[in-house]
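Both ligands and their constituent atoms are indexed starting at 1 by order of listing.
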Amino acid sequence: MKVKEQIETLREELRKHNYNYYVLDAPVISDFDFDMKLKELQALEEKYPEYADPNSPTVRVGGTVTKNFETVKHEQRMYSLDNSYSKEELLEWEKRVHKNLGNTDVTFTCELKYDGASISLSYENGVFLKAVTRGDGFQGDDVTANVRTIKSVPLYLKDDYPSKFDIRGEIVLPFDGFNKMNEERIKQGEDPYMNPRNTAAGSLKLQDSALVAERPLECLLYTIVGSDLGISSQWEMLNKARKWGFKVPEIAEECKNTEEVLAFIEHWDRERHKLPYETDGVVVKVNSLQQQEELGYTAKSPRWALAYKFKAEQVETILEKITYQVGRTGAITPVANLKPVLLAGTLVKRASLHNADQISKLDIREGDTVFVEKGGEIIPKIVGVDFSKRPTNSVPTHYIEECPECHTVLRRKEGEAQHFCPNDSGCPPQITGRIQHFISRKAMDIEGLGSETVELLFKEGLIENYADLYVLTKEQLIPLERMADKSAENLIAGVKKSCDIPFERVLFGLGIRYVGETVAKKLAKAYKNIDALMAASMDELIKVDEIGERIAESVVDFFENEINIDLVNRLKEYGLQFSLTEEQLEGQTEKLKDKIFVVSGVF
Ligand code: AMP
Ligand code: ZN
């Protein structure tokens, strides 16, 4: 059968490319070629639903909605690990192991302790069946649809896998991807996520698997459970799992004795900051599975394994001054300016103080000697004050009441931790921030205009909002510092060219709070033009897929504001796109009909 073969071949090919890219980190084709093949497969699967496969590479883009995650019992319990915080504790554990096993040789496997969300994956006959969170160890939540979208989880296995087994590991969010997600959030005026672990765990419980698919999650595996596996050691287990197609980190070591274990720990305690994902220690395991069985379990954890926890690196330094930053949305962030200090390999000069509550809870004051830590969070944080070193003339911190930039009295919404400056139309960093957002790559992508130029134009009184960009003249620009003839022309040409930018990106560019790229697309699709959107009520907006109350309220607020209405009207006049094009409208009905999901880039 020809079509069936064609589908099979495409799936096989895509599976390989996925594996190369996400497990081996070594892609062999371009993202574009990959997308083309994926689209081809999607089209075929749509046309021939009789060849559907829940584990086809096309499911990686998600699209399943889970309202309630079903509770599933683990066939074998998922245990915790005993922790140790010192070498002495580790040596004592090793002694106990030797004592319990009698006088035999014991070797160990050392692995990193990945800090993410524990997961158990089930496979039967080489096919991915389900994924369950750890839960209480006895039973967890079925998050299969979401885990299917994680590209390093193999949906089909290779080589000599056993017919039935579970494999356990950790779902993590590498720093790189985490930071990118946060940059996006900050741009959209949302609070950044606190740390990769919580975000990874939260991702597994999202209802829409398409949203999970967009997150750069990875699944690192370390334990296989089942019967008749034909495996005799932990070390062999890692190697087998790797061979079957799982992502098993190369950083692991078979150690003959405690000296080697300690060397591994010391090495990675020093080097862990260079790892792409969070780790909070080393897991030492008795290598032989038979010895593991002999040692058995306590009520909570295996006797054959121990987690050696790294200490969060902490240093003491002086908090010289507390300053306050005003973001694009007016949110105020207090910042601790520190006497520079070396921490986890980087020179730290500033730390986040989060908000007023945090400052008063820890009673942090200027002049204090504070403890700075680099834990799971990317930005160092202050975890406490060394009160014994507090100067005698110290005074409690009085949180600012006025905006440091425009002196408007700050406000704080009920239930929100952050203060904000309500003067959104007159507060300089808010004004320039909005314009900078408007011209940014994912919005209007204006060539020849950068953030610094925006600040300069504002300072010179040439622009007060993004609509003003469209009436700039060359004569106005030439006298500016560092503005040559050519750059003035480029700027004006770039602005003009942005009139072709599609509606959804214009909508994103407007800077409505909580309306990020994805939401803007959804709204553009649902309303098709700005007039319809401006006329929409809260109730109508909420009916749109994935638009919640918070977003709906923000949209309504935005378009109730005279200033914003005026801006939109001006932009319309200048020729910006405020409705979907014929082409987009056509594509939309077609897309709905075929239900094809377009994936771009390294999705
Ligand atoms: P804890 O949550 O502190 O009790 O630590 C136990 C958890 O560490 C286990 O449930 C695993 O999810 C996780 N873990 C991370 N890396 C490893 C690893 N290499 N081997 C075993 N468990 C690990
Ligand atoms: Zn202000």
Between N182 and Y193 (side chain of the first, backbone of the second, donor and acceptor by atom type, cut-off under 3.5 Å), is there such a pair?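 Such a contact is found between N182 side chain and Y193 backbone.
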Examine distances only and state if a side-chain atom of T298 and a backbone atom of S301 form a donor-acceptor pair shorter than 3.5 Å.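 Answer holds: yes.
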Any N/O of L112 closer than 3.5 Å to an N/O of ligand 1?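 Yes, L112 has an N/O under 3.5 Å of an N/O on ligand 1.
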Charged N to carboxylate O under 4.0 angstrom, K247 versus D25?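 Here K247 pairs with D25 in a salt bridge, since their nearest N and O are under 4.0 Å apart.
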Can you tell me, to 10 degrees, how wide the angle at the Zn ion (ligand 2) is between SG on C406 and SG on C421?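 Nearest ten degrees: 100°.
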Please calculate the SG(C427)-the Zn ion (ligand 2)-SG(C403) angle and round it to 10 degrees.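 Angle SG(C427)-the Zn ion (ligand 2)-SG(C403): 110°, rounded to 10°.
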Any idea which atoms of ligand 1 are less than 4.0 Å away from a heavy-atom of [X]?
X	result
E111	18 (C), 19 (N), 20 (N)
Y114	15 (C), 16 (N), 19 (N)
K285	18 (C), 20 (N), 21 (C)

Mind telling me whether F108 and W93 have parallel, tilted or perpendicular rings, with 30° and 60° as the class edges?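 Rings of W93 and F108: tilted, 30 to 60°.
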Part of L81 within contact of ligand 1 (heavy atoms, under 4.0 Å):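 The answer is both, backbone and side chain.
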So that I know where these two stand, are Y156 and F128 an aromatic pair - ring centroids less than 6.0 Å apart?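 Between F128 and Y156, which both carry aromatic rings, the centre distance is not below 6.0 Å.
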Applying the side chain to side chain donor-acceptor pair (under 3.5 Å) criterion to E254, which one of T109, N287, T107 satisfies it?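 Answer to the side chain to side chain donor-acceptor pair (under 3.5 Å) test with E254 among T109, N287, T107: N287.
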